[in-house]
S.K.: 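Sharing a structure below in structure tokens format, with a few things to ask.
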Amino acid sequence: MVSCNKRIGFIFFRGQQHTWRLRSTSASERALQYQVGQKIHGFTVKEVVAVPDLFLTAVKLTHDQTGAQYLHAARDDSNNLFSVLFRTTPMDSTGVPHILEHTVLCGSKKYPCRDPFFKMLNRSLSTFMNAFTASDYTMYPFSTQNGKDFQNLLSVYLDAVFFPCLREQDFWQEGWRLENDKPTDLSSPLVFKGVVFNEMKGAFSDNESLYAQHLQNKLFPDHTYSVVSGGDPLVIPDLTWEQLKQFHATHYHPSNARFFTYGDLPLETHLKQIEEDALSKFERIDPNTEVPNQPHWVTPREDHVTCGPDALAPDPSKQNTLCVSYLLGDITDTFEGFTLNLLSSLMISGPNSPFYKALIEPQIGTAFSSVVGYDGSTKEASFSVGLQGMAEEDTERVKQIISQTIDDIIKDGFEEERIEALLHRIEIQMKHQSTNFGLSLASYIASLWNHNGDPVELLQISSYVAKFRQSIKENPNFLQDKVKHYFKENTHRLTLSMSPDETYVQKQAKAEEEKLQKKIQALSDTDRKEIYEKGLELLAVQSKTQDASCLPALKVSDIEPNIPITALQMGTAGGVPVQLCEQPTNGLVYFRAMCSLNTLPEDLKRYVPLFCSVITKMGCGPLDYRQQAQQMELRTGGMSVSTQVIPDANELNTFEQGILLFSSCLEQNLSHMFHLWSDIFNSPRLEDKERLAVLVMMSAQELANGIAYSGHLYAMTRAGRDLTPAGHLQEMLAGMEQVRVMKRVAEMSDLSSVMRYLSRIKKHLLNPENMRCAINATPQAMSDATTRLETFMKDVDKTRKRHKLVRPDVVKVSFVQNFQPCQMKTFFQLPFPVNFVSESIRTVPFCHQDYSSLRRWCKNGRRSVLLLFLQVGLKDPNSVQTLSAFHKGVEWAKSGKFTQQDIDEAKLSVFSAVDSPTAPSDKGVARFVSGLTDEMKQNHRERLFAVNHQDLVSVAERYLGAGQSMYGMAILGPENNVIKKDPSWIIQSS
């Protein structure tokens with residue numbers, strides 16, 4: 001489950017997914033046959049609208065008996081989605097909607113087993129299952145490509161949200177409880193425990209999330225947005241079980257629900273099941289959950305909050321944040337929201353925007369504030385702009401710059417070319433096809449629909465673009481007038497600053513301890529004994545194997561035996577290997593190029609991620625970095641470069657190292673896209689020291705901020721560092737080692753040496769000798785694309801001598817002859833109140849016959865290293881001993897005490913990942929990047945089907961047992977006295 005308390009901006013569509021198969025009529029065409037007023041299984045059709053921009057038909061319905069709202073988006077996409085949304089408007093920070101989101105998934109009337117939600121992950125082929133708590137709604141979505149699976153999951157979801165058990169024991173587990181530190185020891189001290197309690201402690205340790213929460217609470221001080229919907233750890237212990245049940249009764253009712261389905265499955269089937277399983281059992285009520293508009297202030301306000309210091313900040317002396325936030329209009333005014341979102345992008349996005357020029361380039365701070373731009377996630381939208389990573393003495397200067405920049409925008413307006421670039425980006429986003437379009441659509445309409453806006457109106461993107469163009473044509477000052485109204489003359493404006501407090505963490509711990517002691521002092525001896533007994537009961541229930549036979553499940557026989565074959569053409573362009581993949585890309589062309597790191601000296605490799613980050617942002621050829629950014633927005637869907645470390649499918653000590661170039665464009669812009677790449681290859685402007693300094697600080701700040709979000713990934717990367725050569729390089733390029741490299745670079749007063757490193761890297765990497773390319777495009781565009789690619793290859797460094805490659809389709813890989821894996825246990829001491837714990841075990845590569853069996857034990861296994869991951873809370877004193885839980889799991893695997901049902905469920909779980917949908921833009925990418933052919937994948941698939949009980953026990957004994965394989969461990973977390981006393985751990989402070 002996910003708590004979505006961090007403010008999110010207005011989102012344009014990230015694309016759509018077609019399933020291209022022959023049929024007599026499409027799903028969208030069939031949906032057009034519904035008539036307004038038509039009665040279907042207790043629902044009445046209210047509206048039927050074709051949305052050609054998105055290749056779908058929208059059908060709006062209302063449930064006659066309860067008033068529940070329903071929207072169906074019929075589309076030729078086999079990745080069907082269901083979502084039910086409830087408006088949840090808490091008036092305190094106990095986290096009741098968040099805890100309820102967790103608790104309803106712990107068992108229901110029809111499915112009373114514990115944790116049916118998690119058990120269904122192994123009984124289904126779902127492509128997505130989750131739940132979200134936002135500031136004012138809770139959403140339960142799932143998606144799957146299997147019709148039977150859809151009905152199974154729908155049954156579980158409906159019963160969970162409308163008829164949950166809501167047992168007190170589930171409330172203790174998921175919400176909060178008092179429990180002995182050691183549940184089996186009555187004399188051990190009482191502490192707070194609970195899944196949400198610990199989760200929110202983690203959220204409150206992240207300064208970006210903390211700032212965003214404070215900003216929303218203080219900008220909207222008079223209703224539900226003034227509280228923490230996810231729960232404040234100091235307030236969560238005030239919630240009672242009775243209050244939780246009451247909140248469910250008033251908020252989780254069909255009269256307060258919005259149902260959304262998407263895809264190519266028949267609407268009638270969905271309506272029938274929803275009516276029979278849930279809605280027919282309810283009568284209409286008035287849920288009284290509306291959110292009133294925030295009363296507008298007559299004068300602007302200022303406020304200040306504190307946070308913990310960031311040990312990884314690029315500049316420890318600059319850790320302040322300041323942001324000005326403006327309350328805008330109601331999000332149900334869809335065109336106004338569209339306009340303000342575009343206006344926001346013009347003001348803050350990219351190096352040509354006025355706020356980027358005014359705030360980022362002078363290097364007053366490291367990056368924009370964590371909350372920046374348009375935010376349409378609340379009933380009334382807001383716009384925020386400010387800086388993080390700034391010095392306290394620059395506070396007044398930043399305020400003045402923000403005010404002056406608004407005046408300058410009103411005076412100067414925006415260049416027409418920038419507006420066109422933004423509208424071009426919208427066109428690209430509408431045409432791009434992704435695999436999770438249903439989920440994107442559900443998220444996109446959620447906030448507006450939640451406040452009774454028209455979700456279908458929100459989908460009419462082309463009409464908004466046309467209206468926007470007309471508005472600017474009729475009034476050349478259209479955008480300046482908006483800036484004047486919403487920013488210059490707006491008195492509902494909050495200036496919020498945040499500074500680090502060296503004692504912040506101690507103050508939070510003290511406040512929690514005081515809360516705890518207050519609870520404890522009110523307990524009698526009888527209460528203490530009851531708490532101990534309840535703790536033992538919960539422990540016993542958690543340890544007991546649950547009977548999940550009541551849950552529906554697919555069978556292994558429901559899985560397709562064969563993978564779909566992707567047709568590829570192999571050729572060359574300018575002597576460089578090229579892979580061509582014809583796909584229905586909706587008028588877009590996708591270009592990729594892999595450039596090898598093999599010739600790069602070792603001392604330069606640590607700077608490759610920085611090279612990837614800046615190479616498309618420094619300017620190229622005749623274009624400075626501003627002009628380059630403008631052309632990229634006008635002519636492409638984006639251009640990016642990223643590091644790649646790819647373990648070989650056959651040999652553990654072999655891997656490919658490189659960088660991946662990626663871009664997309666409309667078919668008519670092919671020549672422009674390749675011309676930009678030519679200039680980047682031939683004449684990147686890497687000598688601009690001021691520009692590089694800005695990008696370095698932004699990159700270092702982004703890495704430092706990301707640890708709180710991605711601590712598990714950093715722990716996994718570090719744990720695998722010393723097990724394979726690929727793992728070692730991955731840690732250098734994308735692990736904690738890279739975070740420290742960027743921190744050191746950001747601290748340099750002179751970047752001349754770094755500029756020299758980047759120039760040397762460019763000569764090695766942007767080199768046709770070490771390169772291969774791939775293009776995905778429509779059959780009609782492929783000929784032109786290959787011609788343009790040929791021209792590009794001829795333009796790139798014409799004087800360079802080319803050599804015939806040994807493997808014409810794959811750049812030569814690296815083989816480390818004498819690599820010796822070793823066991824390493826690393827602890828990173830960081831100021832977080834949670835631990836990220838990982839253990840990695842060296843096993844076998846993808847094509848090994850045992851890989852399929854090992855994958856059963858770890859769905860997240862990589863090709864060369866089996867990765868086991870767990871995150872635990874600060875108040876768990878066993879953060880090190882938690883690793884023993886991994887080992888207990890291994891012992892269970894070796895014992896063979898699992899059933900055929902367990903094996904089948906594991907297979908379903910693995911195939912759910914293996915068969916996740918692939919967008920046309922990504923077809924053939926596994927072959928291009930990793931060398932995995934359809935034949936290799938089909939062989940792996942057949943081995944997966946064939947795995948049996950004996951295979952699983954055998955691989956557990958041979959690879960996972962103590963002393964059988966090399967392993968690595970890593971923990972990121974707060975100070976740990978147990979580890980300090982253990983000489984087997986390497987301790988690295990931040």
S.K.: Within this structure, what is the OG-CG distance for the pair Ser325 and Leu494, rounded to the nearest 0.5 Å?
M.R.: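 Reported value, rounded in 0.5 Å steps: 6.5 Å.
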S.K.: Determine whether the aromatic ring centres of Phe368 and Phe355 lie less than 6.0 Å apart.
M.R.: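 No, the ring of Phe368 stays outside the 6.0 Å limit from the ring of Phe355, centre to centre.
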S.K.: Answer with yes or no whether the side chains of Asn352 and Glu415 bring together a donor and an acceptor at under 3.5 Å.
M.R.: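 Checked: Glu415/Asn352 side chains show no N/O donor-acceptor pair below 3.5 Å.
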S.K.: Side chain to side chain contact (heavy atoms under 4.5 Å, CB included) between Met755 and Glu687: does it pass, once the steps are laid out?
M.R.: CA-CA 7 Å; Met755 292 172 65; Glu687 69 283 354; 4.1 Å; yes
S.K.: Looking at every heavy atom in both Thr366 and Gln701, which two are closest together, and how far apart are they?
M.R.: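 Reported closest heavy-atom pair: OG1-OE1, 2.6 Å.
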S.K.: Please work out which of the three classes, parallel, tilted or perpendicular, describes the rings of Phe468 and Phe478, given edges at 30° and 60°.
M.R.: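 Ring orientation, 0 to 90° scale: perpendicular.
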S.K.: Quick one: pull up OG1 in Thr378 and CG in Leu219 and give me the separation to the nearest 0.5 Å.
M.R.: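 Answer for the OG1-CG pair, Thr378 versus Leu219, is 8.0 Å.
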S.K.: Just jot down the salt bridge (charged side-chain N to carboxylate O under 4.0 Å, His left out) partners of Lys467, sequence neighbours excluded, or say none.
M.R.: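 Listed in chain order: nothing, the list is empty.
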S.K.: I'd like to know if the side chain of Asn490 and the backbone of Leu327 have a donor-acceptor N/O pair within less than 3.5 Å.
M.R.: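 Yes.
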S.K.: Taking Ser26's backbone N and O only, do any of them form a donor-acceptor pair with Glu29's side chain (distance below 3.5 Å, no angle check)?
M.R.: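 Yes, because the side chain of Glu29 sits within donor-acceptor range (under 3.5 Å) of the backbone of Ser26.
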S.K.: For residues Tyr590 and His432, is any side-chain donor paired with an opposing acceptor at under 3.5 Å?
M.R.: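 Their side chains do contain a donor-acceptor pair, which is all the 3.5 Å distance test asks for.
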S.K.: For a quick test of reading the model, state the closest non-hydrogen atom pair linking Gln628 to Gly619 and the distance between them.
M.R.: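 Heavy atoms of Gln628 and Gly619 come nearest at OE1-N, 2.7 Å.
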S.K.: Please name the pair of heavy atoms, one in Val576 and one in Met771, separated by the smallest distance, quoted to 0.1 Å.
M.R.: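 Closest heavy-atom pair between Val576 and Met771: CG1-O, 3.3 Å.
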S.K.: Do Ser462 and Asp53 have side-chain N/O donor and acceptor atoms under 3.5 Å apart?
M.R.: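 Asp53 and Ser462 do have a side-chain donor-acceptor pair below 3.5 Å.
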S.K.: Any heavy-atom pair between the side chains of Asp375 and Phe383 that's under 4.5 Å?
M.R.: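 Side chain of Phe383 against side chain of Asp375, heavy atoms only: no contact under 4.5 Å found.
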S.K.: Are there more than 12 heavy atoms of other residues, nucleotides or ligands under 6.0 Å from atom CD of Glu416?
M.R.: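 No, not enclosed.
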S.K.: A side-chain contact here means heavy atoms from C-beta on lying under 4.5 Å apart; do Phe132 and Pro141 qualify?
M.R.: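 Yes - at least one pair of side-chain heavy atoms lies under 4.5 Å apart.
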S.K.: Verify side chain to side chain contact (heavy atoms under 4.5 Å, CB included) between Tyr374 and Ser382, making sure each step is shown before the conclusion.
M.R.: CA-CA 6 Å; Tyr374 180 89; Ser382 62; over 6 Å; no
S.K.: Could you give me the CA-CA distance, side-chain angles and deciding distance for Leu346 and Ile419, then say whether side chain to side chain contact (heavy atoms under 4.5 Å, CB included) is met?
M.R.: CA-CA 7 Å; Leu346 289 168; Ile419 297 172; 4.1 Å; yes
S.K.: Is it true that atom NZ of Lys399 has more than 12 heavy atoms of other residues, nucleotides or ligands lying nearer than 6.0 Å?
M.R.: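 Yes, the 6.0 Å shell around NZ holds more than 12 heavy atoms from other groups.
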S.K.: Tyr464 and Thr334: side-chain donor and acceptor closer than 3.5 Å?
M.R.: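 Yes, side-chain donor-acceptor contact under 3.5 Å.
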S.K.: Will you find, in the side chains of Arg75 and Tyr262, an N or O donor that is under 3.5 Å from an N or O acceptor?
M.R.: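 A donor-acceptor contact under 3.5 Å links the two side chains.
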S.K.: Are the side chain of Asp688 and the backbone N or O of Arg691 linked by a donor-acceptor pair below 3.5 Å?
M.R.: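 Checking the backbone N and O of Arg691 against the side chain of Asp688, a donor-acceptor pair under 3.5 Å is found.
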S.K.: Is the backbone of Ala777 close enough, under 3.5 Å, to the side chain of Glu582 for a donor and an acceptor to pair up by distance?
M.R.: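 Pair absent, no side-chain N/O of Glu582 close to backbone of Ala777.
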S.K.: I want to check a possible cation-pi pair here: Arg772 against Phe928, using under 6.0 Å from ring centre and within 45° of the ring axis as the test.
M.R.: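 That pair qualifies as a cation-pi contact.
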S.K.: Glu417: which residues meet the salt bridge (charged side-chain N to carboxylate O under 4.0 Å, His left out) condition with it, sequence neighbours left out?
M.R.: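 Listed in chain order: nothing, the list is empty.
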S.K.: Donor-acceptor check, side chain of Asn79 to backbone of Gly263, threshold 3.5 angstrom: yes or no?
M.R.: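 Side chain of Asn79 to backbone of Gly263: no pair is present.
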S.K.: Applying salt bridge (charged side-chain N to carboxylate O under 4.0 Å, His left out), can you list everything that pairs with Asp784, at least two apart in sequence or on another chain?
M.R.: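 Counting only residues at least two positions away or on another chain, Asp784 forms a salt bridge (charged side-chain N to carboxylate O under 4.0 Å, His left out) with Arg788.
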S.K.: Evaluate the side-chain proximity of Ile409 to Met347: yes if any heavy-atom separation is below 4.5 Å, no if none is.
M.R.: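 Side chain of Met347 against side chain of Ile409, heavy atoms only: contact under 4.5 Å found.
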S.K.: Taking Lys923 for the side chain and Asn776 for the main chain, is one N or O donor matched with an acceptor at less than 3.5 Å?
M.R.: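 Absent.
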S.K.: Are a donor atom and an acceptor atom from the side chains of Asn293 and Lys379 found within less than 3.5 Å of each other?
M.R.: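 Distance-only check passes for Asn293 and Lys379.
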S.K.: Looking only at side-chain N and O atoms, does Gln433 offer a donor or acceptor that is under 3.5 Å from a partner on Asn586?
M.R.: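 Gln433 and Asn586 do not have a side-chain donor-acceptor pair below 3.5 Å.
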S.K.: Suppose we call two aromatic rings close when their centres sit under 6.0 Å apart. Are Tyr326 and Phe487 close by that rule?
M.R.: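 Between Phe487 and Tyr326, which both carry aromatic rings, the centre distance is below 6.0 Å.
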S.K.: Would you mind writing out the side-chain donor-acceptor pairs for residues 610-618 within the sub-3.5 Å range, not counting sequence neighbours?
M.R.:
{"from": "Lys617", "atom 1": "NZ", "to": "Ser613", "atom 2": "O", "distance (Å)": "3.3"}

S.K.: Is a side-chain donor-acceptor pair under 3.5 Å present for Asp795 with Asn682?
M.R.: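 Checked: Asn682/Asp795 side chains show no N/O donor-acceptor pair below 3.5 Å.
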S.K.: Within a strict 4.5 Å, meaning less than it, do heavy atoms of the Pro768 and Met793 side chains meet?
M.R.: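 Yes; the side chains approach each other to less than 4.5 Å.
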S.K.: Could you measure the distance from the CE atom of Met430 to the CZ atom of Phe55? Nearest 0.5 Å is fine.
M.R.: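 Here the interatomic distance stands at 9.5 Å.
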S.K.: Is the side chain of Ser463 donor-acceptor paired with the backbone N or O of Gln460 at a distance under 3.5 Å, no angle test?
M.R.: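 Flag set: sc Ser463 to bb Gln460 pair under 3.5 Å.
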S.K.: Compare all side-chain heavy atoms of Gln388 with those of Glu208 and state whether any distance is below 4.5 angstrom.
M.R.: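 Contact flag for Gln388/Glu208 side chains = yes.
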S.K.: With no hydrogens and no angle check, do the side chains of Ser135 and Gln216 hold a donor and an acceptor under 3.5 Å apart?
M.R.: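 Yes, because at least one side-chain N or O of Ser135 sits under 3.5 Å from a partner of the opposite role on Gln216.
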S.K.: Measure the spacing between CD1 of Ile406 and NZ of Lys411 and express it to the nearest 0.5 Å.
M.R.: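 Interatomic distance, Ile406 CD1 to Lys411 NZ, rounded to 0.5 Å: 14.5 Å.
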S.K.: Would the distance check show the side chain of Thr787 and the main-chain N or O of Ser783 forming a donor-acceptor pair, the cut-off being under 3.5 Å?
M.R.: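 Here the side-chain-to-backbone pair exists.
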S.K.: Quick one: do the Ser28 and Thr57 side chains pair a donor with an acceptor below 3.5 Å?
M.R.: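 Short answer, no.
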S.K.: If you compare all heavy atoms of Thr585 against all heavy atoms of Pro920, which two are closest, and at what distance to 0.1 Å?
M.R.: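 So the minimum-distance heavy-atom pair works out to CG2-CB, 4.2 Å.
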S.K.: Between the main-chain N or O of Phe335 and the side-chain N or O of Thr339, is there a donor-acceptor pair closer than 3.5 Å?
M.R.: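 Answer holds: yes.
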S.K.: Any donor-acceptor pair under 3.5 Å linking the side-chain atoms of Asp408 with those of Gln404?
M.R.: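 Yes.
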S.K.: Scan the side chains in residues 665-679 for donor-acceptor partners under 3.5 Å anywhere in the protein, sequence neighbours excluded, and list what turns up.
M.R.:
{"from": "Glu667", "atom 1": "OE2", "to": "Thr778", "atom 2": "OG1", "distance (Å)": "2.9"}
{"from": "Trp677", "atom 1": "NE1", "to": "Ser663", "atom 2": "OG", "distance (Å)": "2.9"}
{"from": "Ser678", "atom 1": "OG", "to": "Phe674", "atom 2": "O", "distance (Å)": "3.0"}

S.K.: Quick one: CG on Leu342 to CG on Leu479, what's the gap to the nearest 0.5 Å?
M.R.: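 One gets 8.0 Å once the value is rounded to the nearest 0.5 Å.
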S.K.: Are any side-chain N or O atoms of Ser683 and backbone N or O atoms of Gly621, one a donor and one an acceptor, separated by less than 3.5 Å?
M.R.: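 Checked: pair present.
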S.K.: Val398 and Met390: which non-hydrogen atoms are nearest, and at how many Å?
M.R.: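 In this case the closest contact between Val398 and Met390 is CG2-CE, 3.7 Å.
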S.K.: Please evaluate residues Ser369 and Val385 with respect to the criterion side chain to side chain contact (heavy atoms under 4.5 Å, CB included), reporting the C-alpha separation (whole Å), side-chain torsions for both, the decisive distance (0.1 Å), and the verdict.
M.R.: CA-CA 7 Å; Ser369 49; Val385 65; 6.0 Å; no
S.K.: Answer yes or no: is there a side-chain heavy-atom contact under 4.5 Å between Asn450 and Ile445?
M.R.: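 A side-chain contact under 4.5 Å is absent here.
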S.K.: Taking only Lys NZ, Arg NE, NH1 and NH2, and the carboxylate oxygens of Asp or Glu, determine whether Arg626 and Glu361 approach each other closer than 4.0 Å.
M.R.: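 Between Glu361 and Arg626 there is a salt bridge, with a charged N closer than 4.0 Å to a carboxylate O.
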S.K.: For Tyr211 and Ser370, work out which heavy atoms get closest and say how close.
M.R.: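 In terms of heavy atoms, the two residues are closest at CD2-OG, 3.9 Å.
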S.K.: Side chains of Gln631 and Gln627: donor-acceptor distance under 3.5 Å anywhere?
M.R.: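 Side-chain D/A pair, Gln631 to Gln627: absent.
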S.K.: Who passes salt bridge (charged side-chain N to carboxylate O under 4.0 Å, His left out) against Lys482, sequence neighbours left out?
M.R.: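 Salt bridge (charged side-chain N to carboxylate O under 4.0 Å, His left out) check on Lys482 returns Glu336.
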